[in-house]
Amino acid sequence: MAKKWVYLFDEVAEAESYAGSWDGVRALLGGKGSGLADMTRAGVPVPPGFTVTTEACNQFSASGKFPEGMWAQELAALQEVEKRTGKKFGDPANPLLVSCRSGAKFSMPGMMDTVLNISLTDKTAEGMIELTGNPRFVYDSYRRLIEMFGTVVLGIADEAFEEPLKEYKEKNGYKLDTEMTAEDWKAMVETFKAVVKKEKGFDFPQDPLKQLELATEAVFKSWNGKRAIDYRRATNIPDDLGTAVNIVTMVFGNMGDDSGTGVAFTRNPSTGDKKMMGDYLLNAQGEDVVAGIRNANPIENMVKKMPEVYYQFMDITDKLEQHYKEMQDVEFTIERGKLWMLQTRNGKRTAKAAVKIAVDMADEGLISKEEAVLRVTPDNVDTLLHPQFDEKAKKAAEKAGAFFARGVNASPGAAVGQAYFDANTAEKMAKEKKQAVIMVRPFTKPDDVHGMIASKGVLTSEGGATSHAAVVARQFGIPCVVGASSITIDLEKRVMEVNGKAVKEGEWISVDGTTGEVFIGQIKTIEPKIEEQSELLTILNWADEICARDGMRNAPPKWPTRGLQVWANADYPKDARRARSYGAVGIGLCRTEHMFFETERLPIVQRMILAKTSEERTEALNELLPYQRKDFDGLFEAMEGYPVIIRLIDPPLHEFMPDEEKLFEEVVTLRVKGETEGLKEKEDLLTAIRSMHESNPMMGLRGVRLSIAMPEIVEMQVRAIFEAAADCTLRKIVVKPEVMIPLTGTVKELEWIQPRLVRIAAAVLKEKGIKKLDYKFGTMIEIPRAAVTAAEIAKLAEFFSFGTNDLTQMTFGYSRDDAERNFLVTYVEQKILPKNPFQTLDRDGVGKLMEWAITEGRKTRPELEVGICGEHGGDPESIEWCHIIGNNYVSCSPFRVPIARLAAAHVALKYSGKAIVEDK
Ligand code: PEP
Ligand code: MG
């Protein structure tokens with residue numbers, strides 16, 4: 001049988017059996033096509049039509065022509081539609097008009113092309129007038145076809161049509177399109193036909209089938225248009241999906257006051273509230289609402305004008321939500337009192353709405369908790385923890401007269417940036433000049449998306465909550481205010497104004513996408529408080545609950561069978577408290593050396609380093625001990641009952657010393673001036689620093705090597721840790737210290753140092769009279785040799801923590817300090833590497849070492865606790881790998897803890913029941 005390229009809307013069962021699943025149907029017929037077919041099956045009033053598959057589009061893209069048999073199938077389907085509507089394509093006596101719409105598997109709003117009113121010609125237009133007795137509507141529809149066909153199919157610039165229409169309206173003193181009469185539109189039809197002739201050198205086609213053929217081709221081609229490609233890049237939609245083409249019987253919302261059109265979301269896409277939100281217009285066509293050109297009415301007003309249609313609409317949309325178990329974004333048209341549903345799809349929403357809708361739907365019993373957790377993305381969580389305006393600073397700005405304008409709060413969050421009035425400039429200033437940018441436009445079009453993505457915020461003077469700017473901004477989590485209608489933007493003079501207050505291009509503004517306010521100048525922003533976001537907390541608690549379930553991983557005995565825990569990297573008690581409030585259940589890395597840098601401690605540290613005798617060194621260390629004890633005490637207290645991993649000193653000692661070059665300059669200056677005071681000390685210091693010089697310090701005297709060369713430092717640290725632990729225990733605070741030795745390369749290093757430290761720990765506890773304390777000694781795995789010899793290392797180490805910053809550096813041989821600026825960007829661009837390996841774990845190399853290390857380590861010590869504390873610990877893709885290979889936990893910066901909690905639950909659900917951690 002010939003390949004099927006075309007499916008009527010009621011052939012969804014066939015599509016399903018061919019594609020094998022509903023996801024397959026969506027890939028084959030696109031989101032819009034599958035939605036129309038599914039609605040048809042559910043008995044929702046959908047205008048008859050058919051879908052040309054994405055497979056046909058891909059064939060077209062490859063060969064440049066329609067695949068064999070496709071056009072014949074399109075014609076046959078058209079005949080079926082003729083039968084169902086009782087109308088005939090191109091027949092002036094009863095013409096069938098169709099639209100030709102793009103629709104890929106994933107919605108790409110406004111990125112591809114659509115042509116409406118296909119089959120209107122001089123002849124059918126006459127027939128339509130007779131039939132409807134409404135010449136104004138017919139000529140208006142006809143001119144729309146010529147304009148869309150001209151721009152979309154024939155590639156004529158919008159202005160070629162917009163300019164003559166603008167001039168015509170001005171000449172006749174019209175402000176709005178609604179003031180145009182039948183005669184006016186008739187005149188515009190002729191003008192537009194002349195535009196086509198002038199621009200292309202041939203007439204607008206009067207053959208309806210030719211119109212359909214060329215429109216189908218244009219939609220196929222729009223898949224590879226710049227707009228669509230840019231959008232796919234920004235949203236990670238694969239290039240090989242292709243778009244379907246939907247041919248749908250036209251229904252008209254511009255047939256008089258008993259007709260209309262609108263768009264709606266079944267819940268508020270900005271806040272997530274369970275209340276229908278949408279706009280409609282009487283006597284108008286769909287694009288009037290979407291473009292936000294005419295001011296639309298809120299959907300709830302429809303109840304007064306057309307109560308029956310309104311209730312039918314509410315009933316249908318309710319059913320659609322129940323059916324898809326998702327918030328729907330619908331388009332509808334009312335033609336002479338009859339409601340038609342033109343589209344339904346899962347609605348785009350803000351991060352805030354995504355979380356609220358997921359929680360509400362789970363509470364309503366529509367979806368499970370697991371599904372709710374899966375519906376929220378790590379990016380959503382990230383956005384919700386983005387800055388908001390500091391209320392006090394905002395009030396002060398208001399008082400100081402910085403308030404500029406108010407519009408619709410289209411996408412929440414605070415944005416501060418310099419205003420630029422077109423997408424190209426906005427993008428340029430953001431990318432090349434590294435400025436924080438707010439893109440300001442009267443309204444946005446799909447061509448503006450690149451500017452929006454590059455901006456911190458978006459402001460428009462026109463359009464509503466469903467306008468292009470609003471939809472796109474919400475999708476990308478960009479704060480956005482639309483329809484701030486008091487603003488006049490002068491695109492030529494590059495200035496915007498409200499009541500005499502002006503903002504020139506390049507000046508700072510602050511945009512509050514949560515409230516819709518716009519201010520002149522920069523307002524301070526603050527981090528949002530997680531504890532005030534109850535729905536987010538609910539989702540995260542559900543995520544933890546999922547991860548805590550035993551059996552989420554198949555694993556050998558004593559390996560973790562639950563999902564990952566999330567710990568945090570925190571050096572100070574205040575970080576630890578934040579980590580706790582963000583839900584961390586342990587500290588995975590406290591970098592103790594950070595504490596050495598504090599002003600009052602650094603001179604002591606330097607004295608300790610420069611000490612000539614062991615006594616001098618011990619004296620300096622004795623001074624440092626109380627500081628460290630206090631640091632650790634605070635950490636233990638903040639993390640009461642949870643494990644705290646304290647890493648012993650890691651960096652090379654020269655990092656604590658003054659800058660060599662600067663010191664040399666000072667010495668030279670003193671010498672030149674002939675001053676002797678302090679010269680000797682500086683010269684000695686310089687000699688000492690020079691003697692510490694290493695060509696490759698990252699591979700030099702640091703980590704455990706330093707501890708072996710100079711054990712007094714870590715001996716002091718271990719004493720401080722256990723004194724603090726003992727003090728806390730005496731205060732009835734439960735503590736679980738874990739002492740971590742960095743940069744181990746061979747077990748011999750541990751054999752040398754660890755027993756000394758263990759002895760100190762035991763001695764301190766004895767001194768303090770503590771009989772029982774839960775503690776561990778372990779090591780970081782950040783040198784490939786340690787990973788390879790993990791079975792040996794685990795003989796001493798009671799836990800492993802992957803230091804994947806160093807492990808990546810040493811496995812690739814890339815400097816973690818220089819690679820990003822020197823060549824990594826090129827490597828990623830040239831696809832030599834799929835991603836920056838310092839951000840996302842390289843599973844094939846570094847990841848394999850980790851997997852080996854865990855397996856080997858647990859052969860020696862089955863209950864070995866394993867974590868990760870490199871930057872990768874907060875990256876969702878890397879978290880997935882840690883789950884797969886059998887980590888107990890991931891540890892990341894406190895700010896990323898909520899993201900990691902969600903990501904950990906996602907991966908637990910993804911692999912739940914599947915054997916990932918095989919019997920090793
Ligand atoms: C690491 O190497 O991954 C690590 C956490 O240690 P640091 O970044 O302090 O070297
Ligand atoms: Mg390291």
(message) I'd like to know if the side chain of Asn117 and the backbone of Ser141 have a donor-acceptor N/O pair within less than 3.5 Å.
(response) yes
(request) Would you mind reporting whether Leu209 and Leu78 have side-chain heavy atoms less than 4.5 Å apart? (result) yes
(request) Please determine if Glu851 and Lys848 form a salt bridge, counting it only when a charged side-chain N lies under 4.0 Å from a carboxylate O. (result) yes
(request) Please lay out, stage by stage, how Gln328 and Thr266 fare under the test side-chain hydrogen bond (donor to acceptor under 3.5 Å, both in side chains). (result) CA-CA 5 Å; Gln328 295 295 295; Thr266 52; over 6 Å; no
(request) Please indicate whether Glu68 has more than 12 foreign heavy atoms, meaning atoms of other residues, nucleotides or ligands, lying under 6.0 Å from its CD. (result) no
(message) I'd like to know whether the aromatic ring centres of Phe9 and Phe50 sit less than 6.0 Å apart in this structure.
(response) no
(request) Say whether, by atom type as modelled, one donor and one acceptor occur between the side chain of Gln211 and the main chain of Pro205 under 3.5 angstrom. (result) yes
(request) For side-chain hydrogen bond (donor to acceptor under 3.5 Å, both in side chains), just list the numbers for Glu74 and Thr216, CA-CA rounded to whole Å, side-chain angles, deciding distance to a tenth of an Å, and then say yes or no. (result) CA-CA 10 Å; Glu74 212 175 318; Thr216 306; 3.1 Å; yes
(request) Flag the pair Glu147 and Arg144 as a salt bridge only when some basic side-chain nitrogen lies within less than 4.0 angstrom of an acidic carboxylate oxygen. (result) no
(message) Closer than 4.0 angstrom, basic N to acidic O: yes or no for Glu321 and Arg267?
(response) yes
(request) Please check if atom NZ in Lys105 has more than 12 non-hydrogen atoms from other residues, nucleotides or ligands closer than 6.0 Å. (result) yes
(request) Answer yes when Glu217 and Lys65 have at least one side-chain N-carboxylate O distance shorter than 4.0 Å, and no when they do not. (result) no
(message) Quick check: do Asp318 and Met314 have side-chain heavy atoms less than 4.5 Å from each other?
(response) no
(message) Could you check whether Asp329 pairs with Arg345 (Lys NZ or Arg NE/NH1/NH2 to Asp/Glu carboxylate O, under 4.0 Å)?
(response) yes
(message) Using modelled atom types and a 3.5 Å cut-off, is there a donor and acceptor pairing between side-chain atoms of Ser119 and backbone atoms of Pro208?
(response) no
(message) Applying side-chain hydrogen bond (donor to acceptor under 3.5 Å, both in side chains) to Tyr18 and Glu55, what does each step give before you reach the verdict?
(response) CA-CA 12 Å; Tyr18 171 72; Glu55 291 180 346; 2.9 Å; yes
(message) Check this for me, if you would: do Asp91 and Lys87 make a salt bridge, where the nitrogen-to-carboxylate-oxygen distance has to be below 4.0 angstrom?
(response) no
(request) State plainly whether the residues Glu877 and Arg843 are in salt-bridge range, i.e. N to O under 4.0 Å. (result) no
(request) Find the distance between OH (Tyr231) and CD1 (Ile453) and round it off to the nearest 0.5 Å. (result) 8.5 Å
(message) Is the ring pair Phe332/Phe313 parallel, tilted or perpendicular, if the boundaries are 30 and 60 degrees?
(response) tilted
(request) Anything under 30° is parallel, anything over 60° is perpendicular, the rest tilted; go ahead and classify Phe220 against Phe66. (result) perpendicular
(message) Less than 4.0 angstrom from a charged side-chain N to a carboxylate O is my criterion; do Asp239 and Arg233 meet it?
(response) yes
(request) Indicate yes or no: at least one non-hydrogen side-chain atom of Leu96 is less than 4.5 angstrom from one of Val81. (result) yes
(message) Side chains of Thr261 and Ile334, heavy atoms from C-beta outward: is any pair under 4.5 Å?
(response) no
(message) Does this structure show an ion pair linking Arg549 with Glu370, if we count only N-O contacts that are shorter than 4.0 Å?
(response) yes
(message) Under a 4.0 Å threshold between the charged nitrogen and the carboxylate oxygen, would Lys835 count as salt-bridged to Asp842?
(response) no
(message) Is the shortest side-chain heavy-atom distance between Leu241 and Thr54 below 4.5 Å?
(response) no
(message) Tell me whether Gln73 contacts the main-chain N or O of Trp5 through its side chain, where contact means a donor paired with an acceptor under 3.5 Å.
(response) yes
(request) Under the side-chain contact (heavy atoms from CB on, under 4.5 Å) rule, what do Asn346 and Met327 come out as? Steps first, then yes or no, please. (result) CA-CA 6 Å; Asn346 293 344; Met327 185 260 267; over 6 Å; no
(request) Find out whether Val196 and Ile146 are in side-chain contact, i.e. whether some heavy atom of one side chain is under 4.5 Å from a heavy atom of the other. (result) yes
(message) Please check: side-chain N/O of Ser259 versus main-chain N/O of Glu335, any donor-acceptor pairing under 3.5 Å?
(response) no
(request) For Val245 and Ser102, run side-chain contact (heavy atoms from CB on, under 4.5 Å): C-alpha distance rounded to whole Å, both residues' side-chain angles, the deciding distance at 0.1 Å, then the answer. (result) CA-CA 5 Å; Val245 180; Ser102 58; over 6 Å; no
(request) Take Ser61 and Asn58, measure what side-chain hydrogen bond (donor to acceptor under 3.5 Å, both in side chains) needs, and give me the verdict at the end. (result) CA-CA 5 Å; Ser61 299; Asn58 286 336; 5.0 Å; no
(message) Can you tell whether the side chains of Glu11 and Arg41 come within less than 4.0 Å, N to carboxylate O?
(response) no
(request) Flag this pair as yes if the NZ/CZ of Lys338 is under 6.0 angstrom from the six-membered ring centre of Trp340 and inside a 45 degree cone about the axis; otherwise no. (result) yes
